[in-house]
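The block underneath contains the structure these notes are about, expressed in structure tokens.
Both ligands and their constituent atoms are indexed starting at 1 by order of listing. Excluded from the calculations below are hydrogen atoms, water molecules and symmetry mates; all remaining heavy atoms, backbone and side chain alike, are included.
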Amino acid sequence: MKKIRKAIIPAAGLGTRFLPETKAMPKEMLPVVDKPAIQLIVEEAMKSGITDILIIIGKGKRAIEDHFDSNTELELNLERKGKDKMLEAVKKTNGLNIYFKRQEHPKGLGDAVLTAKSFVGNDPFVIMLGDDLMQAETPLTKQLIDSYEKTNSSTLAVMRVPHEDTSKYGVINPAKKVSDGLYDVTSFVEKPNPEDAPSDLAIIGRYLLTPDIFEVLEHTKPGKGNEVQLTDAIDTLNKSGKVYAHEFKGSRYDTGNKFGWLQTNIEFGLQHPEVADQLKSYIKDLANKLD
Ligand code: G1P
């Protein structure tokens, strides 16, 4: 069986949920303590055995390219000053092959993924959405790869969400559990209203797909919001082949909206060796004042 080495990170979205901050700054570059959110996604990919990443960008996203470019001047400067830890942090993703592609006219997630067709070729690959951060002992992307190695089929990650939130996600209609946390799926529906939602199992930003998705995407008409929806293409793929849903039990953070971003920074701050203690006592003091 072929090892899964390629990932696509769609990062062409406009970030309208975070204006005016995202007017000139890509939402994927918003900091999570001291790293841009997209770096945490790339680190998850590295830990999962991915070696080649295509980041799909759009207008105003050049900061992402600069971030993953090596900065020789900065590296030499840190080396000369003996700032080894900082140097290590700056060079963290240097060993990966990171490529960029522009989606010229954003027409939805399905359309963004389609622009990666020649990068992917005939290999199964993963899609990692740029503002969904996951934390788990085994990275979620690795969990999907492990599942693929058993089933040989496309598998995407789902998580239970409050019923009133189904209209923010792709939602699955689970047929039956085939093993612990793995579902056979009857249908995939993009952003259903709560009264029409077939379950509370929402698609979160990690997908492992076989390359036949591209042929389906080429024939997928615009759906919800008049955009080409990846969820619709996956629903079609599930009719000719099989797409499983793997339930994620770790923590998920959505950095693409204001509250989610604040929450992510607090929780990651509480795990960060440099600021954790200080932040903890600050939160305790603050909570006392709020009572
Ligand atoms: C996209 C997908 C949706 C998925 C969600 C996860 O929506 O279209 O199916 O549930 O990501 O974050 P977006 O958040 O880009 O509107």
Q: In plain terms, say whether Asp146 and Lys142 are close enough for a salt bridge, that is, a side-chain N and a carboxylate O under 4.0 Å apart.
A: yes

Q. Does Tyr253 have its ring centroid less than 6.0 Å away from the ring centroid of Phe268?
A. yes

Q. Which residue supplies the protein heavy atom nearest to atom 10 (O) of ligand 1, what is that atom called, and how far is it?
A. Ile203 O, 2.6 Å

Q. Using heavy atoms and a threshold below 4.0 Å, how should the contact between Asp132 and ligand 1 be classified: side chain, backbone, both, or neither?
A. side chain

Q.
Other members of the hydrophobic cluster containing Leu14, with the 4.5 Å side-chain heavy-atom rule, please.
A. none

Q: With heavy atoms only and a cut-off of under 4.0 Å, state how Leu129 meets ligand 1: side chain, backbone, both or neither.
A: side chain

(Q) Within the 4.5 Å heavy-atom criterion, are Ser154 and Ile213 side-chain neighbours or not? (A) no

Q) Which ligand 1 atoms are under 4.0 Å away from a heavy-atom of Gly170? A) 3 (C), 4 (C), 9 (O), 10 (O)

(Q) Can you list, by chain and residue number, the hydrophobic cluster partners of Leu279 when the side-chain cut-off is 4.5 Å? (A) Ile266, Leu270, Tyr282, Ile283, Leu286, Leu290

Q. Under 4.0 Å from ligand 1, counting heavy atoms only, is it the side chain of Arg252, its backbone, both or neither?
A. side chain

(Q) So if I count the atoms of ligand 1 from 1 in the order they appear, which ones are less than 4.0 Å from some heavy atom of Thr231? (A) 9 (O)

Q.
How far is atom 9 (O) of ligand 1 from the closest protein heavy atom, and which atom is that?
A. Glu190 OE1, 2.7 Å

Q) What are the atoms of ligand 1, with element, lying closer than 4.0 Å to any heavy atom of Lys191? A) 7 (O), 13 (P), 16 (O)

Q. Looking only at N/O atoms, are Leu109 and ligand 1 under 3.5 Å apart anywhere?
A. no

Q. Is any NZ, NE, NH1 or NH2 atom of the basic residue among Asp254 and Arg17 found under 4.0 Å from an Asp or Glu carboxylate oxygen of the other?
A. yes

Q. Can you find an N or O of Tyr169 that's nearer than 3.5 Å to an N or O of ligand 1?
A. no

Q: Side-chain contact test, heavy atoms from C-beta onward, threshold under 4.5 Å: evaluate it for Thr255 versus Leu30 and give yes or no.
A: no

Q.
Under 4.0 Å and counting heavy atoms only, is there anything from the protein next to atom 7 (O) of ligand 1?
A. yes

Q) Hey, is Asp184 close enough to Lys176 for a salt bridge, meaning N to O under 4.0 Å? A) yes

Q.
Please tell me if atom 12 (O) of ligand 1 is touched by the protein, where touching means a protein heavy-atom distance below 4.0 Å.
A. yes

